[in-house]
Amino acid sequence: PEESKEEALPVNLKELRERLGEARVLVEGLTSRRKEAERELSKMEREVGGHVRAANERLWTAARTGDCAEIRRLVALGAGLEDGDDQMYGRTALHVAAHCGQEEAVRV
């Protein structure tokens, strides 16, 4: 039997096309937002890395000079006791304190 030209399609093509258009707009927006988010993340990583490096340099200096109060303060602020310095072959603040004979700093 022949189908009637007036018989409804199993789906509403107009609605599907509208939804497809909305999905395209959403994906394009997400794509541009992702690039923006990746740039912001990269910027934040550089900023945090710079602060971490500065804090660790102060920690290594405090370890070298035996400044226990400064060591405690920096550690409380999040300086990395286990972070090694690439320029010192990965030595940590503990290594620096021990190498410099700062016994009290080693115990901190």
Side-chain angles (χ1 to χ4, degrees):
E2 271 186 46
E3 291 185 16
S4 165
K5 290 183 182 182
E6 294 180 15
E7 189 173 317
L9 292 172
V11 294
N12 183 335
L13 291 177
K14 184 177 179 181
E15 182 182 313
L16 285 178
R17 285 185 177 136
E18 287 175 7
R19 289 177 45 207
L20 178 60
E22 291 169 0
R24 282 188 179 127
V25 168
L26 178 63
V27 168
E28 288 170 3
L30 290 173
T31 301
S32 68
R33 294 289 297 171
R34 177 180 177 184
K35 290 176 185 174
E36 180 182 326
E38 286 174 345
R39 281 192 301 271
E40 187 63 26
L41 178 61
S42 179
K43 178 182 168 186
M44 289 176 71
E45 286 173 339
R46 286 191 305 275
E47 182 179 345
V48 169
H51 289 298
V52 166
R53 177 74 184 172
N56 286 342
E57 286 176 355
R58 291 174 74 174
L59 179 63
W60 297 321
T61 298
R64 185 172 47 256
T65 61
D67 188 344
C68 296
E70 181 70 351
I71 292 171
R72 286 185 191 94
R73 187 182 79 76
L74 291 166
V75 169
L77 291 173
L81 277 177
E82 297 184 16
D83 292 345
D85 184 355
D86 294 337
Q87 295 176 350
M88 296 188 305
Y89 307 101
R91 292 186 181 135
T92 65
L94 176 60
H95 291 120
V96 172
H99 178 77
C100 294
Q102 301 295 345
E103 293 179 31
E104 188 179 348
V106 168
R107 288 191 284 272
V108 171

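Atoms considered below: every heavy atom in the structure, side chains included; atoms not considered: hydrogens, waters and symmetry mates.
For Arg39, the salt bridge (Lys or Arg N to Asp or Glu O under 4.0 Å) criterion is met by no residue, not counting sequence neighbours. Listed by chain and residue number, Leu41 satisfy the side chain to side chain contact (heavy atoms under 4.5 Å, CB included) test with Glu45 (two or more places apart in sequence, or in another chain).
Residue Asp83 holds its CG atom at 6.5 Å from CH2 of Trp60, rounded to the nearest 0.5 Å. In this structure, OG in Ser32 is found 12.0 Å from CZ in Arg34, a value given to the nearest 0.5 Å. The distance from atom CZ of Arg58 to atom CG of Asp67, rounded to the nearest 0.5 Å, is 10.0 Å. With values rounded to the nearest 0.5 angstrom, Thr65 atom OG1 is found 7.0 Å from Ile71 atom CD1.
Salt-bridge check for Glu104 with Arg107: failed, with every basic side-chain N at 4.0 Å or more from each acidic carboxylate O. Between Glu57 and Arg53, at least one side-chain N (NZ, or NE/NH1/NH2) sits under 4.0 Å from a carboxylate O, which counts as a salt bridge.
Nearest heavy atom pair, residue Ala97 against residue Ala105, reads CB-CB, 3.9 Å. Contact between Ala93 and Leu59 at its shortest, heavy atoms only, is CB-CG, 3.7 Å.
Heavy-atom neighbours of Arg19 CZ from other residues, nucleotides or ligands within 6.0 Å: at or below the threshold of 12. The 12-atom threshold is not exceeded at CD of Glu82, counting heavy atoms of other residues, nucleotides or ligands nearer than 6.0 Å.
In the hydrophobic clustering of ILVMFWY residues, with side-chain heavy atoms under 4.5 Å counting as a link, Leu94 and Val96 come out apart.
A donor-acceptor pair under 3.5 Å links the side-chain atoms of His95 to the main chain of Thr92, judged by distance alone.
Looking only at atom types and distance, the side chain of Arg64 has a donor-acceptor partner in the side chain of Thr61 under 3.5 Å away.
Under the side chain to side chain contact (heavy atoms under 4.5 Å, CB included) rule, Ser42 has a single partner from Glu38, Arg46, Met44, which is Arg46.
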Only pairs under 3.5 Å count here: list side-chain donor-acceptor contacts from residues 23-30, not counting sequence neighbours, and write none if there are none.
none

